[in-house]
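What follows is a single structure, written as structure tokens, with notes after it.
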2 protein chains.
Amino acid sequence: MPIIPLDELDLLHTVMCQAVGEPKRIQILYALADGEMNVGALAELLATPQPTISRHLALLRQRGLVKAQRDGTSISYSLSEPRLITVLDTMRQILRDVLEAQSSVLEEC
Amino acid sequence: MPIIPLDELDLLHTVMCQAVGEPKRIQILYALADGEMNVGALAELLATPQPTISRHLALLRQRGLVKAQRDGTSISYSLSEPRLITVLDTMRQILRDVLEAQSSVLEEC
DNA sequence: TTCGTCCATTCGGATAGCCGAATATATCCA
DNA sequence: TGGATATATTCGGCTATCCGAATGGACGAA
């Protein structure tokens, strides 16, 4: 396989990897996997201040991973890329296997 | 779906997401997808100083995502989780579709 | 044992990302 | 219009992470 250009990997990192590079954002993505939800509901469900939720949503929205739809005075967010949940589920499965294979993985972290 | 505990998501983030949270590390993982390689070869292939490569490899090794095997005076690294490449390929596909669907995704980043 | 090679680690400075608090914007209703 | 609700943005400070340079440690050959 040829080396993938660093430009493409930078883009992959910026758009996809950085998006899941924060636990709270992963939590938001999983919450939206159950269906669209507005900002206030997300803030309450995740027990997180509303500006924090809005900032994370703005980042995900700029990357095209979630969609926003205004509904009166509130705004509902939904996943625009459900495959992202598949990716996260696969990573969770890998995580389980890695932890099982080497239960001392995190001793140095 | 119930909320995934924040503890598990923290672990997922620390072990998996953070591992791919740096373009150079993604490049290393793809290089190792073609077969095991030692540190010097990686440094040359990726045109990167050896200490930088070693630091990234140490992080991946601590998380159980690559394996190290000493061979005389050099050390060969290989993927211990080839599924990680599948995950990255899926993210690249999602990236392509997202960019196609919304070619101005990155205008605000 | 000593040197040369390969790899790992440490240190300091710089940068990027996150959060809380405060503030701004937008929509609806009276 | 004016006020109330819902969401977005900005600002300052903090922490985490990266890199380059220098150093340290391990192995093999002579």
Side-chain angles (χ1 to χ4, degrees), chain A residues 6 9-29 31-32 36-63 65-78 106-109, chain B residues 6 9-29 31-32 36-63 65-78 106-109:
Chain A
L6 195 52
L9 293 185
D10 275 338
L11 202 56
L12 179 65
H13 167 253
T14 300
V15 175
M16 302 292 303
C17 298
Q18 195 170 262
V20 298
E22 163 67 35
K24 195 68 76 178
R25 282 198 289 268
I26 303 177
Q27 223 178 357
I28 290 175
L29 291 170
L32 295 181
E36 65 176 24
M37 198 176 310
N38 63 39
V39 179
L42 274 171
E44 186 179 8
L45 179 65
L46 305 182
T48 301
Q50 171 265 321
T52 297
I53 297 289
S54 276
R55 274 190 304 253
H56 286 311
L57 285 172
L59 185 147
L60 294 172
R61 174 166 31 85
Q62 285 167 7
R63 282 155 181 75
L65 303 179
V66 302
K67 289 176 297 191
Q69 174 163 5
R70 181 172 283 279
D71 176 29
T73 177
S74 78
I75 299 182
S76 269
Y77 280 85
S78 58
L106 292 181
E107 63 189 9
E108 307 177 58
C109 294
Chain B
L6 195 51
L9 293 185
D10 275 336
L11 202 56
L12 179 65
H13 167 253
T14 299
V15 175
M16 302 293 302
C17 298
Q18 200 170 43
V20 299
E22 164 65 36
K24 195 67 75 177
R25 282 197 289 269
I26 303 178
Q27 224 179 354
I28 291 175
L29 291 170
L32 295 180
E36 65 176 25
M37 198 176 309
N38 63 39
V39 179
L42 274 172
E44 184 179 9
L45 179 66
L46 305 182
T48 302
Q50 171 265 319
T52 297
I53 298 289
S54 276
R55 272 191 304 256
H56 287 312
L57 285 172
L59 186 147
L60 294 172
R61 176 166 29 86
Q62 286 167 9
R63 281 155 181 75
L65 302 179
V66 302
K67 289 177 296 192
Q69 174 164 5
R70 180 173 284 279
D71 176 28
T73 177
S74 77
I75 299 182
S76 269
Y77 280 84
S78 59
L106 291 181
E107 61 190 8
E108 305 178 60
C109 294

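All chains are named by letter (A, B, ...) in the order of the sequence lines, taking the proteins before the strands, and each is independently numbered beginning at 1.
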Tell me: [atom1] of [X] to [atom2] of [N], nearest whole Å?
{"X": "B/L60", "N": "C/dC7", "atom1": "CG", "atom2": "P", "value": "16 Å"}
{"X": "A/E44", "N": "D/dT7", "atom1": "CD", "atom2": "C1'", "value": "16 Å"}
{"X": "A/M37", "N": "D/dT7", "atom1": "CE", "atom2": "C1'", "value": "16 Å"}
{"X": "B/R70", "N": "D/dG25", "atom1": "CZ", "atom2": "P", "value": "14 Å"}
{"X": "B/D71", "N": "C/dT5", "atom1": "CG", "atom2": "P", "value": "18 Å"}
{"X": "A/L57", "N": "D/dA8", "atom1": "CG", "atom2": "C1'", "value": "11 Å"}
{"X": "B/I75", "N": "D/dC27", "atom1": "CD1", "atom2": "C1'", "value": "10 Å"}
{"X": "A/Q69", "N": "D/dA8", "atom1": "CD", "atom2": "P", "value": "14 Å"}

Checklist entry - Where the side chain of B/T73 is concerned, which of D/dC27, D/dA8, C/dA8 is the nearest nucleotide? => result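 Shortest atom-to-atom distance from the side chain points to D/dC27.
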Not counting sequence neighbours, which residues clear side-chain contact (heavy atoms from CB on, under 4.5 Å) with [X]? List them please.
{"X": "A/A58", "result": "A/R61"}
{"X": "B/L42", "result": "B/I28, B/A31, B/L32, B/M37, B/L46, B/I53, B/L57"}
{"X": "A/Q69", "result": "none"}

Checklist entry - Does A/S54 have a side-chain nitrogen or oxygen under 4.0 Å from the phosphate oxygens OP1 or OP2 of D/dA8? => result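 Looking at the OP1 and OP2 atoms of D/dA8, one of them is under 4.0 Å from a side-chain N or O of A/S54.
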Checklist entry - B/Y77 side chain N/O closer than 4.0 Å to the phosphate oxygens (OP1, OP2) of C/dC6? => result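 For C/dC6, neither OP1 nor OP2 has a side-chain N or O of B/Y77 closer than 4.0 Å.
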Output all residues satisfying side chain to side chain donor-acceptor pair (under 3.5 Å) with [X], sequence neighbours left out; order by chain, then residue number.
{"X": "A/T73", "answer": "none"}
{"X": "A/T48", "answer": "A/K24"}
{"X": "A/T52", "answer": "A/R55"}
{"X": "B/H13", "answer": "none"}

Checklist entry - What heavy-atom pair brings B/Q18 and B/R25 nearest, and what distance separates the two atoms? => result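 The pair with the smallest heavy-atom distance is O-NH2, 3.0 Å.
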So which protein N/O to nucleotides 12-14 of chain C N/O distances come out below 3.5 Å?
none

Checklist entry - Roughly how far, to the nearest 0.5 Å, is the OG atom of A/S54 from the CD1 atom of A/I75? => result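 Answer for the CD1-OG pair, A/I75 versus A/S54, is 8.0 Å.
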Next on the checklist: With hydrogens left out and only the distance checked, is there a donor-acceptor pair under 3.5 Å joining A/Q50's side chain and the base of D/dA6?
Outcome noted: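 Between D/dA6 and A/Q50, which were checked side chain against base, a qualifying N/O pair under 3.5 Å is absent.
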Using nucleotides 17-20 of chain C, report all nitrogen or oxygen pairs with the protein that are shorter than 3.5 Å.
| from | atom 1 | to | atom 2 | distance (Å) |
| --- | --- | --- | --- | --- |
| C/dG17 | OP1 | A/Q18 | OE1 | 2.9 |
| C/dC18 | OP1 | A/R25 | NH1 | 2.9 |
| C/dC18 | OP1 | A/R25 | NH2 | 2.8 |
| C/dC19 | OP2 | A/H56 | NE2 | 3.0 |
| C/dG20 | OP2 | A/T52 | OG1 | 3.3 |
| C/dG20 | N7 | A/R55 | NH2 | 3.2 |
| C/dG20 | O6 | A/R55 | NH1 | 2.6 |

